[in-house]
2 protein chains.
Amino acid sequence: MVANKSKPIRRDIFQAIADPTRRAIIFLLAVGAMTPNAIAEHFNSSRQAVSKHLKVLVECEVVNQEQQGREIHYHLNSEKMKEIEKWLEQFKKVMENRFNNLDQYLAKLKNQKS
Amino acid sequence: MVANKSKPIRRDIFQAIADPTRRAIIFLLAVGAMTPNAIAEHFNSSRQAVSKHLKVLVECEVVNQEQQGREIHYHLNSEKMKEIEKWLEQFKKVMENRFNNLDQYLAKLKNQKS
DNA sequence: TATTTGCGCAACCACATTGTTGCGTATATA
DNA sequence: TATATACGCAACAATGTGGTTGCGCAAATA
């Protein structure tokens, strides 16, 4: 009723790595493709819990499914990980230029020369 | 007692950057310290919404507060950002060695009959 | 002093997240 | 064929997230 800015469900790399279990899964899959059961054996989590995390990872396009008989192998799409790197690079660029930008900001905010 | 593994509230850098508004705030603060009002002016969000994000960022230790009169200046703790980089480095290391590790993993996992 | 301004805090709401159990189905195997 | 296994999916519960409005207080200002 009263308000609530409709927020879309976020499905990006940052959402993918927000959960520690998912980060661990990513590391596991970086080594090689695995089935949900194999992954679950590495954690305290149940198979179903892992399965849910995998679903999120698939939705975030960090992980791909490959059916093999009755098993499903999940493997990492490591390309997606580069988006984090890209973001970090941008951030570092801003940090490097922050004094220049700060000047611009101050100039913009105050109409006087120093 | 219908179950639910008590999960602690996650307050780390990955939680901090999970939200797009918070990522934008981080970029803003990378340029220079700002007040909540000044930050809010850059978004559609209200001051209170921004304030909540700032609270999360403070809890994640990505941002520090500095009271100046009745204004509070928030500035970035860019050190915290390096944790993302560290994690990425680890990941890349795993990716580089994955073929070696794959052998180890397969040996470990398939010591069942096969 | 009286008023405005900056901002945190609490209450509230809708929805997302993270886990659980149970079930259905397809595949492998005895 | 009968049974066990791998897995997704649905239903449910507890808690977190992200937003809102309204209030109160301290600091600045008229």
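Quick note on labels: first sequence line is chain A, next is B, and so on, each numbered from 1. Both backbone and side-chain heavy atoms feed into the values below; hydrogens, waters and symmetry mates do not.
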Plane angle bin for Phe27(B) and Phe91(A) - parallel if under 30°, tilted between 30 and 60°, otherwise perpendicular: perpendicular
Ala49(A), nearest nucleotide to its side chain (from dT20(C), dC7(C), dG8(D)): dT20(C)
5' precedence on DNA chain C between Asp19(A) and Arg47(A) (nearest-nucleotide basis): Asp19(A)
Gln15(B) vs dT17(D): side-chain N/O to OP1/OP2 distance below 4.0 Å: yes
Closest-nucleotide 5' rank along DNA chain C - winner of Ile72(B) and Ala18(A): Ile72(B)
Between P of dC9(D) and CG of Leu54(A), the distance in whole Å: 12 Å
Phosphate OP1/OP2 of dT17(D): any His53(B) side-chain N/O under 4.0 Å: no
Touch class at under 4.0 angstrom, heavy-atom based, for Gln65(A) against every strand present: sugar-phosphate
dT20(D) phosphate, OP1 or OP2, under 4.0 Å from Ser46(B) side-chain N/O: yes
Separation of dA27(D) P from His73(B) NE2 (nearest whole Å): 15 Å
Check: Gly69(B) main-chain N/O paired with Gln67(B) side-chain donor or acceptor under 3.5 Å: yes
Ionic contact status for Glu83(B) with Lys86(B), cut-off 4.0 Å: no
Nearest-angstrom distance from the residue atom CZ of Phe43(B) to C1' of dG18(D): 14 Å
Residue-phosphate contact under 4.0 Å: Ser51(B) side-chain N/O, dG8(C) OP1/OP2: yes
Nearest-angstrom distance from the residue atom CZ of Phe14(A) to C1' of dG18(D): 19 Å
Sidechain N-carboxylate O distance under 4.0 Å for Glu85(A), Lys82(A): no
Contact nearer the 5' end of DNA chain D, comparing Lys52(A) with Tyr74(A): Tyr74(A)
N/O (side chain, Arg70(A)) to phosphate O (OP1/OP2, dT25(C)) under 4.0 Å: no
Closest listed nucleotide, where the reference is the side chain of Pro36(A) and the choices are dC7(D), dG19(D), dC9(D): dC7(D)
dT5(C) OP1/OP2 closer than 4.0 Å to side-chain N/O of Asn37(B): no
Atom-to-atom span, CD of Glu71(B) to P of dA28(D) - whole angstrom: 9 Å
Rounded distance (Å) that lies between atom P of dT5(C) and atom CD of Glu41(B): 13 Å
Donor-acceptor pair, side chain of Gln48(A) and main chain of Val50(A), under 3.5 angstrom: no
Arg10(A) vs dT17(D): side-chain N/O to OP1/OP2 distance below 4.0 Å: no
Arg11(B) CZ - dG16(D) C1' separation (whole Å): 8 Å
Donor-acceptor pair (no angle test) under 3.5 Å: Lys55(A) side chain, dG8(D) base: no
Gln48(A) CD - dG22(C) P separation (whole Å): 11 Å
Pairing of Asp19(A) and Lys52(A) as salt bridge, 4.0 angstrom limit: no
